[in-house]
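Notes for the one structure printed next.
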Amino acid sequence: MVAFAAISWKPAPPIITIDGYTFRDLNGNGKLDRYEDERLSMDDRIDDLISKMTDDEKASMLIGTGMPGFNGLTPVAGAIEGKVPGAAGGTYAIPRLGIPEVVVADGPAGLRIKPIRKDTKETFYCTAFPVGTSLASTWNTHLLQEVGKAMGQEVKEYGVDALLAPALNIMRNPLCGRNFEYYSEDPLIAGKMAAAIVNGVQSNGVGTSIKHYAANNQETNRLSINEHIDERTMREIYLRGFEIAVKESQPWTVMSSYNLINGTYTSARKDLLTDILRDEWGFKGMVMTDWFGGYAGFAAIKGGTSNVVQQLTAGNDLLMPGLPAQKQAILEGMKNGSLTKDVVNTDLRRILTFVLRSPAMAKYAYSNKPDLKAHAAITRQAAAEGMVLLKNDQQLLPYTDKTKEIAAFGVTSYNFIAGGTGSGDVNEAYTVSLIEGLSNAGYKVEQELKKLYVPFVKNATYQDSLRKVKEGLLALPERMKEMNVDKALIEKKAGSTALAIITIGRNSGEGGDRKVAEDFNLAADEVALIENVTTAFHAKGKKVVVILNIGGVIETASWKDQPDAILLSWQPGQEGGNSVADIFSGKVNPSGRLTMTFPMKYEETPSAKNWLGTPAENPTDVTYEEGIYVGYRYFNTKHIPVSYPFGFGGSYTSFAYSDLKVDKNKLSVTVTVKNTGKVAGKEVVQVYLSAPHNSIDKPSEELKAFAKTKILKPGESEVVTLQLQKRDLASFIEAQQAWVAEPGKYTVKVGRSSQDMLQQADFTVDDALIVEKVHKAFEK
Ligand code: BGC
């Protein structure tokens, strides 16, 4: 139950005054109805409100108001596009009761709405923040909270009530087309980052929707794929991030995912939505489906029927975006008793709590003028902090010579990618390209190459836009092929310029997964470009920097020896080029770390053998055979060499670790970190645990805590304390239906990556410790 005191809102102008106390007369009947009486508890008020609703209104309220272009219902608050054009949906308004439409919009890299509207010259651009992967690579939860705060201000000032973000699915496989929206292969990182974003966004008095709950790990057949996953794997890997986010940030809403788990749609699983989410974790908010999730129309493709009643009964309160057939099914269910009054009222209570706490309910006078300038500064800073220095031979970077020309190769240098496509895309006013960023910072970009690349890129972009128009809604991004730069020209530039930069770009998006050829692996044109440029420049004693402007993992092992430096910029949002220049120049010392493994070869990924499922030509079922051995949990345990390990990232300075102390009773870990280099910088402290494995097998190391230091000046130290919980010692033992810390030796390892441990300390647990007993879940 949600306590009334926990709900904060800004009252709209008072209408009735009783005993000196003013109330909003929502239904305008001149009397104070119980639901209008803000002195009563939220539950009392909502019960009264429900008692005044007709069955038809109740059915309407349990679904969204539809989506333009999808045979939806008509949005209530005005024109066909609704109150905020480009928003993803809304809830049903009941004007006679004073219930407004509440608007929800995507997404993880910032607010996604239409920037241009009919009948006005005003624009409605939003800030394109770095993609989720880039944000997570900062390992800085304070910074993410600031980013969330900025995102939330845009949400509120553009008249939206909740952001459909953050997205925290686990990167099970590097080919998932939506990995750029997600945070990590590790659930601790995913959960902590999501909690930080939620806390930031919600500090504005608007909501979030953490998504996609759960195990939405592939785009291929995402609406119908049946995933076979055991309970331990669900709880330790695919649910753990959601658990952390719920407990540490209490998001207003959760979005269930499209997929099925062990034969049932997640949106219809009571164990997932009620037993675990609410009873075990204490979630207080509302659950909504993903758009058309688990809807009969899609189930029907597989010969199924409507599962509306099952969804609402399982604890999926709101069906989005809402379709007339769903309303019909609800009304029938109410009539024939399959949808009980209790269920309807419980779901309505949660939806109405969401509505009553929204800015729309408070008639918040939004400005349509968020502080885009301030947010540009935040995205620039966050993107720079999320960049990962993968290689820096002979300290090539920072590169400070602004007197001689730099040759920029690669189409992406001129066509920088701010973020991925689909609902995670943002309509930003501009994107700063790499060459613009370098020029802004005072570097001299070589002009002859620029004059060749710019029109090439322009034409390729135009051709691509024609393709997208032809393919329509389902169009996925395609890699722009490299321009052919002949060896003679490269050699000429190697003579005339001081340094070469090559940018390699990748994009992907919702609705499709990536391929191994020419996407995970470099394409032949890219291999040739790296080869030709490095050969020519090295022959003249000049250096080469590769910038990776990508949203997901690519192959690096076969070519990484060639360039002198490699900077992983990710897809860094609208200020991208400026953020790269900040790292390049040394204005910002890189402190990003990988939140996933870069394997030597795609085929060595633990899920590669069963990726996408069977039958191969059109998968219906996928079995997560690798279980809990996702990412570094697998590579470390099986001693498989990787190209860059989880947690890895370079710096322009160096750090020493000392004085590790582990307090076995308080479960605290303390370590001293000292900047032993010549420039100021931040360090990421990573705490891994190796636990005894008596009755079940366990990964050799698991990340249990992390922290980022402040900026340490050369010679400066910081004593970093990290707090573990009993639960961090435990694994999920299915035979006991509990989280159990087994007796034996535990080793705490502190380091700067999953394969670079610098200090370690042991302690023992004498008797088995049952940390938490839980419901049986995920039976078939
Ligand atoms: C996506 C969600 C998104 C929703 C609304 C769905 O297709 O999976 O992440 O929030 O659309 O746009």
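Values below: all heavy atoms of this structure, side chains included; hydrogens, waters and symmetry mates excluded. Counting convention: from 1, in listed order, for ligands and their atoms alike.
Cation-pi geometry between Lys156 and Tyr364 is met: under 6.0 angstrom from the ring centre, within 45 degrees of the axis.
Among all protein heavy atoms, the one lying closest to atom 6 (C) of ligand 1 is Asp290 OD1, 3.0 Å. Here the protein heavy atom with the shortest distance to atom 3 (C) of ligand 1 is Asp106 OD1, 3.3 Å. Among all protein heavy atoms, the one lying closest to atom 7 (O) of ligand 1 is Glu510 OE2, 2.5 Å.
Side-chain contact between Asn216 and Tyr258 is present, with at least one heavy-atom pair separated by less than 4.5 Å.
The residue Glu181 has no part lying near ligand 1, judged by heavy-atom distances below 4.0 Å. Looking at Arg112 against ligand 1, nothing comes within 4.0 Å, counting heavy atoms.
Using a 4.0 angstrom heavy-atom cutoff, Phe292 does not count as in contact with ligand 1. Residue contacts with ligand 1: Met320 is excluded, as none of its non-hydrogen atoms falls under 4.0 Å.
Taking the six-membered ring where tryptophan is involved, the planes of Trp281 and Tyr213 are perpendicular, since the angle between them exceeds 60° and thus also 30°.
Salt bridge status for Lys270 with Asp275: present, with a side-chain N to carboxylate O gap under 4.0 Å.
If you look at Tyr624 and Tyr238, their ring centroids are closer than 6.0 Å.
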